[in-house]
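Right, one structure below, let's go through it.
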Amino acid sequence: MYTSLTKSYIKSGKGKLSTIHTAHDELTVRLLMREIMALLPEKFCRVHAGYIINTDALESIRRYTVRLKNGLSIPIPVKRYNAVFEDVKVSMGARKQEG
């Protein structure tokens, strides 16, 4: 079910609208980010209030920024950087266990 999401990220919009970006498509859903997170496997990580990433799509994580393989840079809030960094490490560990 999640194979089409391997190169994806999810961006929140207004209210309950969120857009799922995959390698080849975009899909708008009526779900809050926390509702989406509850449906996804552990390799997905919420790096910002408005973004969930698939760690398969992660190119690098630097101080206050996550960069995806598609070139998109997502800011990490300063106050949440340490927590996000740990969440990304855990998510990447889950990815390795799946593979």
Side-chain angles (χ1 to χ4, degrees):
M1 175 178 175
Y2 299 109
T3 55
S4 63
L5 296 176
T6 51
K7 295 182 180 172
S8 67
Y9 67 96
I10 301 162
K11 184 176 187 305
S12 69
K14 293 183 179 182
K16 277 189 139 186
L17 291 180
S18 297
T19 304
I20 300 170
H21 298 265
T22 68
H24 304 289
D25 207 3
E26 290 183 9
L27 173 67
T28 300
V29 295
R30 286 193 173 277
L31 293 169
L32 295 171
M33 295 295 269
R34 64 178 153 78
E35 295 170 328
I36 295 170
M37 277 299 295
L39 298 172
L40 295 170
E42 288 184 0
K43 67 181 178 178
F44 286 83
C45 180
R46 190 166 183 179
V47 297
H48 184 277
Y51 286 93
I52 297 170
I53 65 164
N54 181 336
T55 56
D56 288 344
L58 181 66
E59 180 177 288
S60 65
I61 183 168
R62 298 206 170 139
R63 197 80 171 155
Y64 314 125
T65 304
V66 169
R67 184 170 175 89
L68 302 182
K69 292 175 183 174
N70 67 3
L72 179 67
S73 290
I74 301 169
I76 301 172
V78 173
K79 291 182 180 180
R80 293 220 352 100
Y81 176 79
N82 289 331
V84 167
F85 185 78
E86 289 302 315
D87 288 348
V88 168
K89 283 186 358 185
V90 168
S91 295
M92 291 183 78
R95 179 179 81 191
K96 287 179 184 176
Q97 289 176 359
E98 289 176 1

_Surrounding CZ of Arg34 (heavy atoms of other residues, nucleotides or ligands, distance under 6.0 Å), is the total greater than 12?_
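Counting other residues, nucleotides and ligands, CZ of Arg34 stays at 12 neighbours or fewer.
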
_Would you say Leu32 ends up clustered with Leu17 if hydrophobic residues are merged whenever their side chains have heavy atoms under 4.5 Å apart, either directly or through other cluster members?_
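Leu17 and Leu32: separate clusters.
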
*Would Phe44 and Leu27 show up in the same hydrophobic cluster when neighbours are defined by side-chain heavy atoms closer than 4.5 Å?*
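Linked, Phe44 and Leu27 end up in one cluster.
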
Spacing of [X] atom [atom1] and [Y] atom [atom2] [to the nearest 0.5 Å]:
X	Y	atom1	atom2	answer
Lys11	Leu72	NZ	CG	9.5 Å
Cys45	Ile53	SG	CD1	6.0 Å
Ile61	Ile76	CD1	CD1	4.0 Å
Ile52	Ile74	CD1	CD1	10.5 Å

*asked:* The criterion is salt bridge (charged side-chain N to carboxylate O under 4.0 Å, His left out); which residues satisfy it with Arg67, sequence neighbours excluded?
replied: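 Listed in chain order: Glu59.
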
*Is there a donor-acceptor pair closer than 3.5 Å between any side-chain N or O of Ser91 and the backbone N or O of Thr55?*
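Pair absent, no side-chain N/O of Ser91 close to backbone of Thr55.
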
*Give the ring-plane orientation class for Tyr9 versus His21, where under 30° counts as parallel, over 60° as perpendicular and anything between as tilted.*
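Tyr9 vs His21 ring planes: parallel.
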
_side chain to side chain contact (heavy atoms under 4.5 Å, CB included) partners of Glu86, counting only residues at least two apart_ =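 Once residues adjacent in sequence are excluded, the partners of Glu86 under the side chain to side chain contact (heavy atoms under 4.5 Å, CB included) criterion are Lys89.
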
*Test side chain to side chain contact (heavy atoms under 4.5 Å, CB included) applied to Pro75 - qualifying residues, sequence neighbours left out*: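 Side chain to side chain contact (heavy atoms under 4.5 Å, CB included) check on Pro75 returns His48.
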
*Would you call Arg46-Asp87 a salt bridge at under 4.0 Å N-O?*
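Salt bridge: no.
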
